[in-house]
Protein chains: 2
Amino acid sequence: MARNNIDSLNCSIADTLNLIGEWWTILILREAFFGSRRFEEFQQYLGIARNILTARLKKLCDSGILERVPVKEGARRHEYRLTPMGRDLLPILIVLTHWGDRWLNESEGAPVIFVERDTGKEIADICVLSQDGRELKARDLALIPGPGATEETKERLRLMVETWQQRQASRSKKS
Amino acid sequence: MARNNIDSLNCSIADTLNLIGEWWTILILREAFFGSRRFEEFQQYLGIARNILTARLKKLCDSGILERVPVKEGARRHEYRLTPMGRDLLPILIVLTHWGDRWLNESEGAPVIFVERDTGKEIADICVLSQDGRELKARDLALIPGPGATEETKERLRLMVETWQQRQASRSKKS
DNA sequence: TTTAAAAGTTGCTTTTTGCAACTAAATATG
DNA sequence: CATATTTAGTTGCAAAAAGCAACTTTTAAA
C-alpha cells in the first residue's frame with residue numbers, strides 16, 4: 001500500500017494488503033492457484049511486464065506466500081509454488097470471484113466456477129457465520145479490541161460504538 | 001488495475017479488483033464498515049492524501065459501492081454510505097482480517113475482533129464449504145467454465161486439467 | 001460578522017508502472 | 001560440439017499514479 005503511515009493503522013487488513021495489495025499480486029496468486037508455477041507461465045497468461053512480475057514474485061517469496069524451488073535437483077531454474085500460508089489465501093480469491101460474479105457479471109454469468117473435485121458440484125457461497133452456523137449480516141456484527149489492539153485502536157472502537165448508539169437513538173426518534 | 005489488458009482476462013477477480021483493487025480503496029471500505037461516512041472522517045483516520053481520497057470516493061460512487069447523499073435535505077454537504085452492493089463486500093474484509101490475524105499478527109494477537117452483536121461471541125472463521133457443509137481445501141477444488149466463459153477461458157481450463165493430470169501421473173510414478 | 005471547519009481542487013515532486021531492448025544461463029538441434 | 005532457442009530475468013526510459021502542501025469555496029458556530 002502507500003509507503004508512510006499504513007503500518008501504524010494497527011489493522012490486519014492493512015497488514016495483509018501490505019503484502020498482497022499491490023497491482024497484479026492477487027492475479028498472480030490466482031494464476032498460482034490455477035496451476036502456474038513458472039515465470040513464463042505467469043507472464044504469458046497475465047501479460048504482465050516482466051520487471052513487475054519479477055518484483056512481485058520476489059515480494060511474495062520474501063513474505064512466505066510463495067516459495068522458489070529449483071525445477072529439479074541442483075538446477076538453477078526455479079518454479080514458484082504456493083506455501084501453506086499462500087494456499088490459505090484461497091478464500092480471498094473465492095470471495096472476490098463470487099462478488100464479481102454476482103455484481104459485475106450477473107448478465108453474462110460467471111466465467112469460471114469453483115466446484116468440488118469429487119462431486120463436480122459447485123461450492124457453497126462464502127458467508128459470515130456465527131460459531132453455531134447462523135448466517136450473519138453486517139448489521140449483526142460489532143467490533144471489539146483484540147489482544148493486539150493499541151490504545152489508539154481501543155479509543156477508536158469506543159468512539160465507533162458511541163457514534164453508532166447516537167445514530168440508533170436519532171433514528172428511533174425520527175420514526 | 002493496470003490499464004491495458006486486464007479487462008480481457010475474463011475473470012471476476014480481475015473485474016472486482018478493477019473496482020476495489022487500487023491503493024487505499026479497501027481501507028476506505030474498512031472505514032465505511034467501521035462507521036465513517038464523511039470525507040474528513042476517512043481522511044483523518046487513514047491519513048490519505050485528499051486528492052486521492054476524492055478520486056477513490058468518486059470511483060466507489062460511480063461503481064455503486066458507495067452512495068453520496070446530502071447530509072440533510074437540500075444540504076450541499078454529503079456523506080458516503082455503503083449500498084447493498086458495498087455491504088456485500090464484508091466477507092472480503094473479514095477474510096483479509098482473519099488471514100492477517102493468523103499469518104502476520106499471530107504473536108501480538110488480533111488488533112480487532114469481529115463479534116456477533118447480540119451474543120458478543122466471535123464469528124466463525126470463514127472457510128470454503130461444499131453445499132452440504134463439509135470444509136474444503138484447495139486440493140478438493142476444481143475449476144470449470146461457467147456460462148460467461150470465453151473460448152480462451154475454456155481452452156485455458158482444459159490445459160489446466162491436462163497439466164494437473166500430468167503432475168499427478170509423474171508424482172505417482174516417483175513414489 | 002468574523003472565525004473555523006468541511007470538502008474539495010490545483011500545482012508540483014516523487015514513486016510506480018509499462019514497454020522494449022538487452023543479457024546470461026540452460027536446453028535443444030543439427 | 002557449435003549454434004540456436006527458451007527461460008528468467010535486468011536495465012533504461014517514458015508515462016501514469018500517488019503524496020504533499022497550499023488554496024478555494026461553501027457551511028456551521030461563536
Side-chain angles (χ1 to χ4, degrees), chain A residues 1-9 14 17-28 31-32 35-62 66-81 163 166 170, chain B residues 1-9 14 17-28 31-32 35-62 66-81 163:
Chain A
M1 225 82 200
R3 22 211 140 302
N4 45 352
N5 61 349
I6 294 287
D7 292 332
S8 69
L9 286 175
L17 291 175
N18 249 335
L19 296 190
I20 63 165
E22 279 173 312
W23 289 132
W24 290 111
T25 300
I26 291 183
L27 291 175
I28 291 170
E31 278 308 311
S36 292
R37 294 180 178 178
R38 304 292 291 270
F39 187 93
E40 294 298 320
E41 289 180 284
F42 291 108
Q43 204 281 316
Q44 283 165 28
Y45 285 125
L46 294 173
I48 180 178
R50 311 174 71 81
N51 50 354
I52 305 296
L53 179 56
T54 302
R56 295 294 180 275
L57 289 172
K58 181 170 184 336
K59 182 164 182 179
L60 287 169
C61 289
D62 288 352
L66 296 179
E67 60 178 348
R68 186 182 148 108
V69 294
V71 173
K72 5 177 217 182
E73 295 281 301
R76 242 178 263 178
R77 242 161 244 194
H78 301 89
E79 47 184 36
Y80 300 89
R81 297 194 190 201
T163 310
Q166 280 169 16
S170 77
Chain B
M1 226 78 199
R3 23 212 138 299
N4 46 352
N5 60 350
I6 294 288
D7 292 333
S8 70
L9 285 175
L17 292 175
N18 250 334
L19 296 190
I20 63 165
E22 279 173 313
W23 288 136
W24 290 111
T25 301
I26 292 183
L27 291 174
I28 291 170
E31 278 309 310
S36 291
R37 293 180 177 178
R38 306 291 291 269
F39 187 93
E40 294 297 321
E41 288 180 283
F42 290 107
Q43 203 281 318
Q44 283 165 27
Y45 284 126
L46 293 173
I48 181 178
R50 311 174 72 82
N51 48 354
I52 306 295
L53 179 57
T54 302
R56 295 292 180 276
L57 289 172
K58 180 172 185 333
K59 181 163 182 179
L60 287 169
C61 289
D62 288 350
L66 295 179
E67 59 178 349
R68 186 183 147 107
V69 294
V71 174
K72 6 177 216 185
E73 295 280 301
R76 243 177 262 180
R77 241 163 246 195
H78 300 88
E79 50 185 32
Y80 299 89
R81 298 195 188 200
T163 309

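If you're wondering where the values come from, they're calculated on a predicted model, not measured in any experiment. Chain naming here is simple, since letters A, B, ... match the order of the sequence lines and numbering starts at 1 in each.
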Backbone of Y45(B) reached by a side-chain donor or acceptor of E31(B) within 3.5 Å: no
Atom-pair distance (CD1 on I48(A); P on dT16(C)), nearest Å: 16 Å
Rounded distance in Å - CD1 (I52(B)) to P (dT10(C)): 14 Å
Sugar-phosphate only, base, or nothing, as touched by Y80(A) at under 4.0 Å among non-hydrogen atoms: sugar-phosphate
NZ-CG distance between K59(A) and N18(A), expressed to the nearest 0.5 angstrom: 6.0 Å
Rounded distance in Å - CH2 (W24(A)) to P (dG18(C)): 6 Å
Nearest-nucleotide 5' precedence on DNA chain D, N51(A) against E79(A): E79(A)
Residue pair W23(A) / E22(B), side-chain heavy-atom distance below 4.5 Å: yes
Nearest-Å distance for atom pair CD/P, residues Q43(B) and dG8(C): 12 Å
Spacing between K59(B) atom NZ and dA16(D) atom C1', to the nearest angstrom: 13 Å
Residue mapping more 5' on DNA chain C - nearest nucleotide basis, L57(B) or A49(A): L57(B)
Counterpart residues, side-chain contact (heavy atoms from CB on, under 4.5 Å), relative to R38(B) (two or more places apart): E41(B), V71(B), R77(B), E79(B)
Rounded interatomic separation in angstrom, taking CG from L53(A) and C1' from dG18(C): 13 Å
Counterpart residues, salt bridge (charged side-chain N to carboxylate O under 4.0 Å, His left out), relative to R68(A) (two or more places apart): none
Gap separating the CH2 atom of W24(A) from the CG atom of L53(A), nearest 0.5 angstrom: 9.5 Å
L27(B) CG to dA18(D) C1', straight-line distance once rounded to whole Å: 15 Å
Which protein N or O atoms sit under 3.5 Å from an N or O of nucleotides 5-7 of chain D?
| from | atom 1 | to | atom 2 | distance (Å) |
| --- | --- | --- | --- | --- |
| dT7(D) | O4' | R77(A) | NH1 | 3.1 |
| dT7(D) | O3' | R38(A) | NH2 | 3.3 |

E40(B) vs R50(B), salt bridge (Lys or Arg N to Asp or Glu O under 4.0 Å): CA-CA, chis, key distance, verdict: CA-CA 9 Å; E40(B) 294 297 321; R50(B) 311 174 72 82; 2.6 Å; yes
Nearest-neighbour nucleotide for the R68(A) side chain, dG11(C), dG9(D), dG18(C) considered: dG9(D)
Atom-pair distance (NZ on K58(B); C1' on dA17(D)), nearest Å: 17 Å
